[in-house]
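Just so you know, ligand 1 is whichever comes first in the structure, and atom 1 is the first atom listed for that ligand.
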Amino acid sequence: MNVFVLNCGSSSLKFQLISSDLEIIERDEDKQLAAGLIERVGSQSLINFRIDGKSSFKSAVPLRDHRAALNYVIQWLSSPETDIPGIKGIEDIHAVGHRVVHGGEAFVRAVKIDNEVIAGIEDCIELAPLHNPANLKGIHAAREVFGPTIPQVAIFDTAFHATMPETSYLYAIPYQIYRRYKIRKYGFHGTSHRYIAFRYGKLTGTPRENTNIITLHLGNGCSACAIKADKSIDTSMGFTPLEGLMMGTRCGDIDPTVIEYLSHKEGSSIDEVFSILNKRSGLLGISGLTNDLRDLEIEANEHQDRRAILAMDMFCGKVKKYIGAYLAGMNGADAICFSAGIGENAPDIRAKICSNMDFFGILLDEELNQQAVGGREMCISSPESRIKVYVIPTNEELVLARDTIRVVLNAPRYA
Ligand code: AMP
């Protein structure tokens with residue numbers, strides 16, 4: 001089956017074409033046929049496509065909307081010059097999987113998209129006003145471009161965290177307010193945390209019911225997840241992806257009183273304050289330089305920039321704090337797994353996070369740690385480490401493709 005996986009932002013469209021089926025999933029031999037990103041949809045769009053991880057195609061063309069962008073992708077995929085084995089036209093794409101950020105309390109697993117599901121995703125717009133409308137644009141565009149016969153599936157970032165107990169997901173605000181407005185922790189990056197747990201199981205031969213780990217998705221957005229018996233029991237992002245760890249541009253945990261105070265002091269609106277907390281805080285806000293960890297490392301190493309060092313120290317300190325909290329909440333864990341841009345590529349950050357944790361029995365092997373970069377999946381703790389430490393590159397698109405196949409074929413276990 002050829003599955004087209006789509007991840008739409010307000011002005012971007014990211015896709016992968018993956019060839020797989022239920023048996024291939026079992027054998028872990030899914031094949032990525034093509035992948036790409038279109039940025040600046042709505043104006044002069046930037047195109048960057050790749051075939052099978054090898055040759056690439058770059059261009060800039062005006063694309064009016066997501067539908068035009070999707071048509072452009074399909075034309076490229078089907079063109080004889082692109083020459084993707086088995087792809088001659090749109091009829092060779094058998095299903096479409098959409099990443100949807102917020103499924104609220106309604107969607108606890110991936111579902112086949114119909115009008116009712118679309119209405120449900122629309123209902124969640126008020127919970128994710130920046131993300132769900134963009135995801136819906138992708139769904140509407142795909143329905144028009146692919147027509148009614150090609151099944152489409154929605155996979156939700158929040159779904160994996162639906163197993164959190166009330167004690168984790170409730171905020172200590174009046175219960176009626178939770179009931180009335182569904183104000184609670186939802187958690188995000190669920191597809192990524194689930195994949196990391198799955199890979200951990202494969203790598204170590206651990207059965208799902210014994211998978212007790214802490215997963216750390218550290219990219220531009222960052223979140224930690226406590227996984228017990230393969231289920232999310234707590235996670236750091238909350239009602240929105242602003243809560244929790246310090247991120248590239250987001251502040252993470254903060255006393256909510258700051259919002260009113262800052263708005264009063266600066267004479268700015270609540271929206272303006274949230275813009276600061278979402279877009280001008282985190283690594284960028286503290287360093288005053290950049291949200292990109294690679295550049296911060298350069299500033300710290302080559303110029304001893306005090307605030308670049310401070311930003312990274314704070315970043316690591318906050319991850320440590322969540323590890324400690326989850327180890328307490330879970331009564332210990334078997335492993336800590338690092339993933340995403342920073343988690344997969346920044347050994348010094350991993351070393352700092354894991355330093356002075358021998359109290360918990362966490363001991364890194366520094367040589368292995370330095371080797372684990374550029375997409376390598378490996379254990380980086382020393383043999384004496386009571387809690388093992390792994391680097392496990394995430395692959396959200398693969399999970400989207402697999403979930404799509406399982407939903408379309410009515411196969412079990414896509415929770
Ligand atoms: P993501 O959102 O998963 O793409 O991750 C983006 C973050 O990963 C940015 O802060 C990048 O600077 C960081 N990152 C990516 N590659 C590297 C690398 N080789 N070394 C350090 N940080 C990296």
Side-chain angles (χ1 to χ4, degrees), residues 5 7-10 12-16 35-37 39 48 50 53 99 101 130-131 134 157 188-196 199 215-225 235-237 241-242 244-252 278-303 305 307-316 318-319 337-354 364 366 368-378 380 390-400:
V5 168
N7 181 354
C8 285
S10 56
S12 68
L13 183 157
K14 208 164 135 189
F15 75 90
Q16 277 195 22
L37 171 68
E39 291 168 288
N48 195 344
R50 297 188 315 277
R99 176 189 182 212
V101 167
L130 298 178
H131 294 104
D157 263 20
F188 299 86
H189 290 148
T191 313
S192 178
H193 290 294
R194 179 158 66 105
Y195 178 73
I196 302 164
R199 285 301 317 166
T215 49
L216 301 169
H217 178 111
L218 308 179
N220 215 358
C222 299
S223 68
C225 185
T235 191
S236 57
M237 283 179 167
L242 182 58
L245 300 172
M246 176 173 167
M247 311 182 206
T249 62
R250 285 173 241 162
C251 62
N278 271 303
K279 297 184 184 153
R280 289 168 45 201
S281 298
L283 293 172
L284 170 67
I286 295 298
S287 69
L289 293 169
T290 173
N291 62 318
D292 193 311
L293 190 92
R294 278 166 294 200
D295 296 337
L296 285 181
E297 285 187 326
I298 292 169
E299 287 302 323
N301 294 335
E302 293 182 6
H303 307 116
D305 186 276
R307 276 169 50 196
I309 295 168
L310 175 63
M312 290 191 290
D313 285 349
M314 284 175 65
F315 180 89
C316 296
K318 286 175 199 286
V319 178
C337 303
F338 284 91
S339 196
I342 295 173
E344 292 167 26
N345 295 298
D348 294 351
I349 294 291
R350 293 192 299 248
K352 197 166 274 174
I353 291 170
C354 295
L364 276 201
E366 198 36 43
L368 292 176
N369 180 37
Q370 291 296 332
Q371 286 168 18
V373 290
R376 289 188 72 182
E377 184 181 74
M378 55 191 278
I380 58 168
Y390 287 84
V391 174
I392 299 184
T394 192
N395 192 342
E396 291 168 274
E397 281 76 14
L398 182 64
V399 184
L400 299 183

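For ligand 1, the polar-atom distance check against Leu218 finds no nitrogen or oxygen pair separated by under 3.5 Å. Residue Glu297 has no N or O atom closer than 3.5 Å to an N or O atom of ligand 1. Where the criterion is an N or O separation shorter than 3.5 Å, residue side chain and backbone included, Ala340 fails it with respect to ligand 1. Taking distance alone, with nitrogen or oxygen atoms compared against 3.5 Å, Leu293 approaches ligand 1 more closely than that limit. On a distance-only criterion, Asn220 and ligand 1 share at least one N/O pair closer than 3.5 Å.
The distance from atom CG of Asn220 to atom CG of Leu293, rounded to the nearest 0.5 Å, is 10.0 Å. Of the inter-residue distances, the one linking Ser12 atom OG with Asn7 atom CG reads 7.0 Å to the nearest 0.5 angstrom. Between the CG atom of Leu296 and the CG atom of Asn301 there is a distance of 10.5 Å, given to the nearest 0.5 Å.
Distance from atom 12 (O) of ligand 1 to its nearest protein heavy atom, with residue and atom name: Asp292 OD1, 2.4 Å. Among protein heavy atoms, the minimum distance from atom 3 (O) of ligand 1 is reached at Gly341 N, 2.9 Å. Regarding atom 23 (C) of ligand 1, its nearest protein heavy-atom neighbour is Arg294 CG, 3.6 Å. Nearest protein heavy-atom contact of atom 18 (C) of ligand 1 is Asn345 CB, 3.3 Å. The protein heavy-atom contact nearest to atom 13 (C) of ligand 1 is Ile342 CG1, 3.7 Å.
Residue-ligand proximity, Asn291 to ligand 1, at heavy-atom distances under 4.0 Å covers atoms 10 (O).
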Problem set entry | Stepwise side-chain hydrogen bond (donor to acceptor under 3.5 Å, both in side chains) test for His189 and Thr235 | CA-CA 10 Å; His189 290 148; Thr235 191; over 6 Å; no
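Using a distance-only test at 3.5 Å, with no hydrogens or angles considered, no donor-acceptor pair links the side chain of Arg280 to the main chain of Gly285. No donor-acceptor pair closer than 3.5 Å links the side chain of Arg350 to the backbone N or O of Phe338. In this structure, Asn291 contributes its side chain and Leu284 its backbone to no donor-acceptor pair below 3.5 Å.
Shown here for Phe188 and Ser223, the closest heavy-atom pair between the two residues is O-OG, 4.1 Å.
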